[in-house]
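First up is the structure itself, then whatever we jot down about it.
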Amino acid sequence: MICYFEAYKPVLLTKRVTWQLPDARWYKSDTDGASKGNPGPSSNGFCVRNEVGDLMYTKADNIGVTTNVVAEAKAILQGLEYCVTHDLHPLILETNSLVLKKVIEGKWVTPWCIGAEVQKIRGLREHFNVIFQHVYREVNTVADYIANNAFNFAGSTIFYSFIGMTSEGRKLLNLDKSQTPNLRI
């Protein structure tokens, strides 16, 4: 067995992934939940961008101790509610949680811990032009950055603008706008 593992060489597959601009007159919201443990201290965040990739709004919240699935569901709900409230549609809502996408579409059973959030999301979806898309984590870097940065400000809600973002956040946003590819290994 030792000889087998010493000779083993894993095959690495690399895929080029890029954040895509929405179509003309569409908006795009990227959402992400973050949990430091499962359950553990959690936060969520979302950003909304227009057809040219300009940042329109971002928000991040600390949501206490919960699971990653709850954090993801709350991020999707908050992003969708903001877009509905501000009449930002048609909308493409991107999440890196395949679980939430399948649950919202009704393909998988809804976990009890996010039943209320999923019901609200489905209700908003019926009256709003929204497409839910699953994206790789490497495509969702801005929402991931926003959600993870909320841990630095315990107990608070953070609102970003492009001007108020750190240089790292601006760099991520500009890489997305220029459609610079990431490599997924």
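These numbers were taken from a predicted model, which means no experiment stands behind them. Scope of the values below: all heavy atoms of this structure, side chains included, with no hydrogens, waters or symmetry mates. In this chain, numbering begins with 1 at the start of the sequence shown.
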Treating [X] as the side-chain partner and [Y] as the backbone partner, does any N or O pair qualify as donor plus acceptor under 3.5 Å?
X: Ser97; Y: Leu100; value: yes
X: Asn96; Y: Asp32; value: no
X: Ser42; Y: Thr66; value: yes
X: Ser43; Y: Ala147; value: yes

To the nearest 0.5 Å, how far apart are [atom1] in [X] and [atom2] in [Y]?
X: Leu55; Y: Arg170; atom1: CG; atom2: CZ; result: 11.5 Å
X: Thr18; Y: Asn182; atom1: OG1; atom2: CG; result: 7.0 Å
X: Gln119; Y: Ile104; atom1: CD; atom2: CD1; result: 13.0 Å
X: Arg16; Y: Thr180; atom1: CZ; atom2: OG1; result: 9.5 Å
X: Asp30; Y: Ile146; atom1: CG; atom2: CD1; result: 8.5 Å
X: Leu93; Y: His134; atom1: CG; atom2: NE2; result: 12.5 Å

For residues [X] and [Y], determine if any side-chain heavy atom of one lies less than 4.5 Å from a side-chain heavy atom of the other.
X: Thr95; Y: Val135; result: no
X: Leu175; Y: Trp19; result: no
X: Leu80; Y: Leu91; result: yes
X: Leu21; Y: Val52; result: no
X: Asp144; Y: Asn148; result: yes
X: Tyr82; Y: Ser29; result: no
X: Asn62; Y: Pro41; result: no
X: Leu173; Y: Arg49; result: yes

Should we say atom [atom1] of [X] is surrounded by more than 12 heavy atoms from elsewhere, each under 6.0 Å from it?
X: Lys15; atom1: NZ; result: no
X: Arg137; atom1: CZ; result: no
X: Glu105; atom1: CD; result: yes

Check the pair Leu77 / Leu124 against side chain to side chain contact (heavy atoms under 4.5 Å, CB included), numbers first and verdict last.
CA-CA 9 Å; Leu77 180 59; Leu124 291 170; 4.2 Å; yes
Are Ile63 and Val118 connected into the same hydrophobic cluster when the rule is that any two of I, L, V, M, F, W, Y join if their side-chain heavy atoms are below 4.5 Å apart?
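No: no chain of side-chain contacts under 4.5 Å links Val118 to Ile63.
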Is there a path from Val70 to Val103 through hydrophobic residues (I, L, V, M, F, W, Y) whose side chains come within less than 4.5 Å of each other?
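Hydrophobic grouping puts Val70 with Val103.
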Salt-bridge contact [X]-[Y] (side-chain N to carboxylate O under 4.0 Å):
X: Lys28; Y: Glu94; result: yes
X: Lys59; Y: Asp61; result: yes
X: Lys177; Y: Asp54; result: yes

I need the minimum non-hydrogen distance between [X] and [Y], along with the two atoms involved.
X: Tyr136; Y: Val17; result: CD1-CG1, 3.3 Å
X: His89; Y: Tyr27; result: N-CD1, 3.6 Å
X: Phe132; Y: Ile121; result: CZ-CG2, 3.6 Å
X: Thr67; Y: Ser35; result: C-OG, 4.1 Å
X: Glu51; Y: Asp23; result: CB-O, 3.7 Å

Does the pair Leu88 and Met56 meet the rule for a side chain to side chain contact (heavy atoms under 4.5 Å, CB included), with working shown?
CA-CA 10 Å; Leu88 301 176; Met56 299 182 67; 4.0 Å; yes
Set out, in order, the CA-CA distance, both residues' side-chain angles and the distance that settles side chain to side chain contact (heavy atoms under 4.5 Å, CB included) for Ile114 and Val69, then state yes or no.
CA-CA 8 Å; Ile114 59 169; Val69 173; 3.7 Å; yes
Give the ring-plane orientation class for Phe46 versus Tyr57, where under 30° counts as parallel, over 60° as perpendicular and anything between as tilted.
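Because their plane-to-plane angle lies in the 30° to 60° range, the rings of Phe46 and Tyr57 count as tilted.
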Fit a plane to each ring of Tyr4 and Tyr8, take the angle between them on a 0 to 90° scale, and name the class: parallel (under 30°), tilted (30 to 60°) or perpendicular (over 60°).
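Ring orientation of Tyr4 relative to Tyr8: tilted.
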To which residues is Trp26 joined in a hydrophobic cluster, defined by side-chain heavy-atom contacts under 4.5 Å among Ile, Leu, Val, Met, Phe, Trp and Tyr, whether direct or through other members?
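Trp26 shares its hydrophobic cluster with Ile92, Ile131.
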Under the side-chain hydrogen bond (donor to acceptor under 3.5 Å, both in side chains) test, which residues partner Asn140, sequence neighbours left out?
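Residues passing side-chain hydrogen bond (donor to acceptor under 3.5 Å, both in side chains) with Asn140: none at all.
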Evaluate salt bridge (charged side-chain N to carboxylate O under 4.0 Å, His left out) for Arg122 paired with Glu126, printing each intermediate quantity in order.
CA-CA 6 Å; Arg122 287 178 179 162; Glu126 288 178 13; over 6 Å; no
